[in-house]
Amino acid sequence: MGSTSRASAAQGVSGVSGASQVSEVSDASGIRLRSHSGKVYRFDPGALCLELLVTGGPGALTRYEVLHTPADLVAWVEQSRLTPTPPALRVTADDVAYARRLRDALTRTAVSRVVGGAGLPELGIAAADTADLDLVNEAAARPPLAPAIGADGTRGWADGTATGAQLLSTVARDAIDLLTGPYAQRIRMCAGDRCYLLYVDTSRPGRRRWCSMEHCGNRHKVRAHRVRQKS
């Protein structure tokens, strides 16, 4: 099987809304996405596991699939909130296939949590079942990436080459922490028209409605302003 330890360039990544990820990475939190109109905006889903969901998914989301090669998965890692990126990461084709399965299971699980277990028939996304939870638990049961503290007090990773299996275990454990933790009831879907991006609302008042104020939030404000002008 082919494998890679670095990605030469970040690949486009599509989310639940069909937005594509661009390669620029900013010091600000969030993944930079590009909408159908070409507008670039920053989307912060609030959790590592939810960041994986912008790479494609089940049902209608398969047309946005970008995890085709080991380099694609490494590129996602480099753009995710997993900081710092493991300096040596070996990802195989089998890891990529497993990442897609895990992502799809997480998508169904998170969607079912948000919409009450019904799934999203309009996108062909079925409700989560026990097989999805079994897959998440299976991935989480494997050894995760091992953190380490450097002599200068900074966070890093244990010496040696990290593996794709460790990476996906870390993602699965993050998902379990989210789904069983204090923010489990704050997993939400963007309120924008035909935007299905999922995020966890970590704001103190718990009133976040949009994937990003730069994108759907701004579009809502513009429409509301136009309605007021016409009235």
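Below, all heavy atoms of this structure are taken into account, side chains as well, without hydrogens, waters or symmetry copies. The structure displayed is predicted, hence computed values, not measured ones.
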task = Heavy atoms only: give me the nearest Ala140-Ala172 pair and the separation to one decimal.
result = N-CB, 3.6 Å
task = Please report the shortest heavy-atom distance between Met189 and Tyr199, naming the atom on each side.
result = C-CE2, 3.9 Å
task = Identify the heavy atoms of Ser112 and Gly119 that sit nearest to each other, and give their distance.
result = OG-N, 4.4 Å
ask   = Looking only at atom types and distance, does a side-chain atom of Glu51 sit under 3.5 Å from a main-chain N or O of Pro45, one as donor and one as acceptor?
value = no
inquiry  = Pair Arg173, Ser169 - check side-chain hydrogen bond (donor to acceptor under 3.5 Å, both in side chains), show working.
reply    = CA-CA 6 Å; Arg173 290 174 183 226; Ser169 174; 3.3 Å; yes
task = Measure across Ala127 and Gly117 and return the closest heavy-atom pair with its distance rounded to 0.1 Å.
result = CB-O, 3.0 Å
request  = Measure from the side-chain N and O atoms of Asp201 to the backbone N and O of Arg208, and report whether any donor-acceptor pair falls under 3.5 Å.
outcome  = yes
task = Write down the atom of Ala99, the atom of Leu67, and the distance for their closest heavy-atom approach.
result = CB-CD1, 4.4 Å
task = Take Thr85 and Val74 through the test side-chain contact (heavy atoms from CB on, under 4.5 Å) and record every step on the way to the result.
result = CA-CA 9 Å; Thr85 301; Val74 173; over 6 Å; no
task = Could you list all the salt bridge (Lys or Arg N to Asp or Glu O under 4.0 Å) pairs where at least one residue sits in residues 126-137, not counting sequence neighbours?
result = Arg108-Asp132
ask   = Looking only at atom types and distance, does a side-chain atom of Thr170 sit under 3.5 Å from a main-chain N or O of Leu145, one as donor and one as acceptor?
value = yes
message = Working note: Arg186 + Thr202, criterion side-chain contact (heavy atoms from CB on, under 4.5 Å); need CA distance, chi angles, decisive distance, verdict.
response = CA-CA 8 Å; Arg186 285 199 179 190; Thr202 58; 5.7 Å; no
Path from Leu52 to Leu123 over hydrophobic side-chain contacts below 4.5 Å = yes
query = Is there a donor-acceptor contact under 3.5 Å from the side chain of Gln79 to the main chain of Ala75?
reply = yes
Connected via hydrophobic side-chain network under 4.5 Å: Leu179 and Tyr183 = yes
key: Pairs flagged by side-chain hydrogen bond (donor to acceptor under 3.5 Å, both in side chains) wherever residues 146-158 is involved - sequence neighbours left out   = Asp152-Thr154
ask   = Does one hydrophobic cluster hold both Leu61 and Leu135, with members joined at side-chain heavy-atom distances below 4.5 Å?
value = yes
message = Quick check: do Tyr196 and Glu122 have side-chain heavy atoms less than 4.5 Å from each other?
response = yes
ask   = Ile176, Val111: one ILVMFWY side-chain cluster at the under-4.5 Å cut-off?
value = yes
task = Measure from the side-chain N and O atoms of Thr107 to the backbone N and O of Gly57, and report whether any donor-acceptor pair falls under 3.5 Å.
result = no
task = May I ask you to test the Arg103-Glu65 pair for a side-chain heavy-atom distance under 4.5 Å?
result = yes
ask   = Which heavy atom of Cys49 sits nearest a heavy atom of Asp174, and at what distance?
value = N-OD2, 2.8 Å
message = Has Asp95 got a side-chain atom pairing as donor or acceptor with Val91's backbone, closer than 3.5 angstrom?
response = no
